[in-house]
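Being a predicted model, the structure only gives us computed values, none of them experimental.
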Amino acid sequence: MLTSLLFRQLTSRKFHSAYLYASLAQLNTLVIAEHKNSKLAAATLNTIAAASALGSGDLSVLVAGSGIDSVSKQVQAVSGVHKVLVAEHNTLKNQLAEPLADLLVALHAKQKFSHIVAPSDTFGRNLLPRAAALLDCQPVSDVVEIIDAITYVRPIYAGNALETVQCSAQALQMLTVRTTAFDKAATDSSGSATVESVSSDDLSAVQSCTIDTQWENDSIQKSERPELDAARVVISGGRALKTKENFQLLERLADQVGGAVGASRAAVDAGLCPNDMQVGQTGKVVAPELYIALGISGAIQHLAGMKDSKCIVAINSDPDAPIFQVADYGLVGDLFKVLPELEKEFQTLKS
C-alpha cells in the first residue's frame with residue numbers, strides 16, 4: 001500500500017515536471033535592469049547573458065526609473081534582447097523595492113512571464129524576495145549555473161558546496177544570478193530590440209503603492225579607481241594592517257596597476273575602511289583576473305566572495321592561514337616588509 005502510494009506520488013511529480021518543462025519550451029523571460037537613470041550597470045549585461053542561457057524564447061528587459069532614455073537605448077543595443085519595457089515614473093527614480101515590486105506584479109498579471117531574473121547584488125536581493133512574496137513564488141537566489149529552464153546550481157555553506165535546485169512545481173521562476181559566474185552579453189550598436197512603454201494602467205500600481213518608504217539621500221564617494229566588483233585587479237587588506245594610514249598603502253599599490261581596493265570583514269569591523277570595500281559573503285562578490293590578499297587569514301565568509309578569481313596571491317605571516325589553501329601563489333612574510341618591495345616591482349613593470 002505504502003509502496004503503491006509512493007510510486008503514484010513520484011510518478012505524478014515526474015509527470016508534472018515534464019509537463020511544466022514542456023510548457024516552458026517557449027520562454028517569456030523578464031530581466032530587471034539595474035541602472036543609475038543615465039548609465040546601465042555592468043551587472044545587467046551579465047544578468048542578460050544568464051537569462052539567455054535559459055533557452056530560446058522572448059527576452060524582455062524592464063527599465064524602470066526617471067529620465068531613462070539613454071539607459072533604454074543602451075539596453076536596446078544588447079544582443080539577445082527582444083523587447084525593452086520602459087517604465088517612466090518619478091516614484092521609480094531611485095529604484096526602491098516597494099513600488100518596483102508592485103510594478104512587477106502588474107506586469108506579470110498581463111504578460112505572464114515564465115522567468116523573472118535580477119542580479120544577485122544589493123539591488124536584486126532587495127527587490128526580488130519582495131516581488132516573489134507578492135507573486136506567491138519561491139525564488140532561487142545566487143544562481144551560478146543554469147542547466148535548463150527549471151534547473152539551477154547555487155552555492156551553499158558559504159560556497160563550500162554546490163546545490164542543484166529543480167523548481168518543478170512553479171509556473172513562474174524567479175532568480176537572482178551571481179553576475180561573476182556569467183560573461184557579459186555582447187552589445188551591438190545596431191540593436192534590433194523593440195521599445196515599448198509600460199501602460200498607464202500598470203504604472204498606476206506604482207502610484208498606489210502604500211508602503212511609506214522615502215529616499216533620503218545618495219552619498220557617493222568619487223574615485224578614479226574602477227568599481228570593486230568590475231575591476232580586473234583587486235588588492236585587499238585585512239585587520240593585520242592595523243591602522244587607516246597603513247590601509248592607504250594599498251590604495252597607492254592599486255593605483256599603480258589600475259586596480260580597486262577591497263577589505264576583509266575584520267578590517268571593516270575594526271574601522272580601517274568603509275563597509276562598501278568589504279569582500280565576502282556579506283559584502284561584494286568579486287572575480288577579477290588578479291586578486292592580492294594582504295594580511296587576510298581567509299575566513300570562510302571572505303573566501304566565498306573572492307575564490308572565483310582567476311589568480312589569487314596571498315601574503316600572510318601565518319603559514320597555516322586558510323587563505324593559502326585557495327591561493328595560486330603564496331608568500332609567508334611580514335606584509336610591511338613585502339609591501340615596499342611589491343610596490344617597487346609594480347613601478348618597474350609600469351615603467
Side-chain angles (χ1 to χ4, degrees), residues 30-48 60-75 84-109 113 116-135 137 139 141-142 174-179 195-223 225-230 260 268 273-279 282-285:
L30 177 69
V31 170
I32 308 163
E34 181 182 1
H35 59 84
K36 297 297 183 184
N37 290 310
S38 60
K39 183 179 179 181
L40 186 68
T44 303
L45 297 178
N46 304 87
T47 308
I48 292 172
S60 303
V61 178
L62 173 63
V63 179
S66 178
I68 50 178
D69 288 344
S70 61
V71 177
S72 61
K73 289 178 181 178
Q74 292 171 53
V75 175
V84 182
L85 296 174
V86 179
E88 177 85 34
H89 198 282
N90 192 55
T91 306
L92 299 169
K93 180 179 180 181
N94 296 302
Q95 293 192 305
L96 294 176
E98 291 79 5
L100 192 49
D102 287 348
L103 176 62
L104 286 176
V105 173
L107 289 173
H108 178 66
F113 299 112
I116 297 178
V117 188
S120 185
D121 55 12
T122 304
F123 166 73
R125 292 171 185 168
N126 186 33
L127 168 64
L128 210 72
R130 179 176 183 81
L134 294 173
L135 290 166
C137 175
S141 62
D142 221 16
M174 301 185 73
L175 324 169
T176 61
V177 297
R178 182 175 289 190
T179 54
V195 178
E196 178 182 310
S197 295
V198 172
S199 69
S200 57
D201 288 342
D202 291 333
L203 283 176
S204 65
V206 175
Q207 293 174 311
S208 60
C209 179
T210 57
I211 304 298
D212 188 20
T213 302
Q214 301 293 330
W215 180 269
E216 291 296 329
N217 59 66
D218 191 1
S219 179
I220 301 175
Q221 184 176 3
K222 293 184 178 181
S223 173
R225 301 187 194 94
E227 291 287 335
L228 181 58
D229 49 7
V268 172
C273 56
N275 58 13
D276 61 354
M277 291 171 61
Q278 182 179 328
V279 173
T282 54
K284 293 183 179 178
V285 177

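- Distance check: L127 CG to D121 CG gives 10.5 Å after rounding to the nearest 0.5 Å.
- Taking the side chain as every heavy atom from C-beta outward, F123 and I32 approach each other to under 4.5 Å.
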**Report entry** CA sep, side-chain torsions, deciding dist, call: L134, L104, side chain to side chain contact (heavy atoms under 4.5 Å, CB included)
**Finding:** CA-CA 9 Å; L134 294 173; L104 286 176; over 6 Å; no
Query raised in the report: After noting the C-alpha distance and the side-chain angles of C273 and V268, does the key distance pass the side chain to side chain contact (heavy atoms under 4.5 Å, CB included) rule?
Result: CA-CA 5 Å; C273 56; V268 172; 3.9 Å; yes
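- Looking only at side-chain heavy atoms (C-beta outward), N46 and V177 stay at 4.5 Å or farther from each other.
- Taking NZ of K36 as the start and CG of N94 as the end, the distance is 9.0 Å to the nearest 0.5 Å.
- Formation of a donor-acceptor pair under 3.5 Å by the N37 side chain with backbone atoms of K93 is found in this model.
- A pairwise comparison of heavy atoms in L92 and A87 identifies CD1-O, 3.7 Å as the closest pair.
- Nearest heavy atom pair, residue E88 against residue L203, reads O-CD1, 3.8 Å.
- Residues H35 and V63 are in side-chain contact: their nearest non-hydrogen atoms beyond the backbone lie under 4.5 Å apart.
- Within the model, atoms OG of S141 and CZ of R178 stand 9.5 Å from one another, a figure rounded to the nearest 0.5 Å.
- No side-chain heavy atom of T176 sits less than 4.5 Å from a side-chain heavy atom of P119.
- In terms of heavy atoms, A97 sits closest to R130 at O-CD, 4.0 Å.
- Between L128 and P139 the shortest heavy-atom distance is CD2-CB, 4.4 Å.
- Here the side chain of Q95 pairs a donor or acceptor atom with the backbone of A33 at under 3.5 angstrom.
- Of all non-hydrogen atoms in S38 and S70, the two that sit nearest each other are O-OG, 2.9 Å.
- Between the side chain of D202 and the backbone N or O of L107 there is no donor-acceptor pair closer than 3.5 Å.
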Report task. Take L135 and V105 through the side chain to side chain contact (heavy atoms under 4.5 Å, CB included) test and state the conclusion after the steps. Result -> CA-CA 7 Å; L135 290 166; V105 173; 4.0 Å; yes
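- Counting heavy atoms from C-beta on, the side chains of D229 and V285 never come closer than 4.5 Å.
- Heavy-atom minimum distance, A118 versus G124: CB-CA, 4.2 Å.
- Taking the side chain as every heavy atom from C-beta outward, T47 and T179 approach each other to under 4.5 Å.
- Q74 CD to I68 CD1: the interatomic distance, rounded to the nearest 0.5 Å, is 11.5 Å.
- Here the straight-line distance linking atom CE of M174 with atom NE2 of H108 works out to 8.5 Å at 0.5 Å rounding.
- Under the 3.5 Å distance criterion, the side-chain polar atoms of T44 are matched with a main-chain donor or acceptor of E34.
- Summarising the geometry, atom CG belonging to L62 is positioned 6.0 Å from atom CG belonging to L85; distances are rounded to the nearest 0.5 Å.
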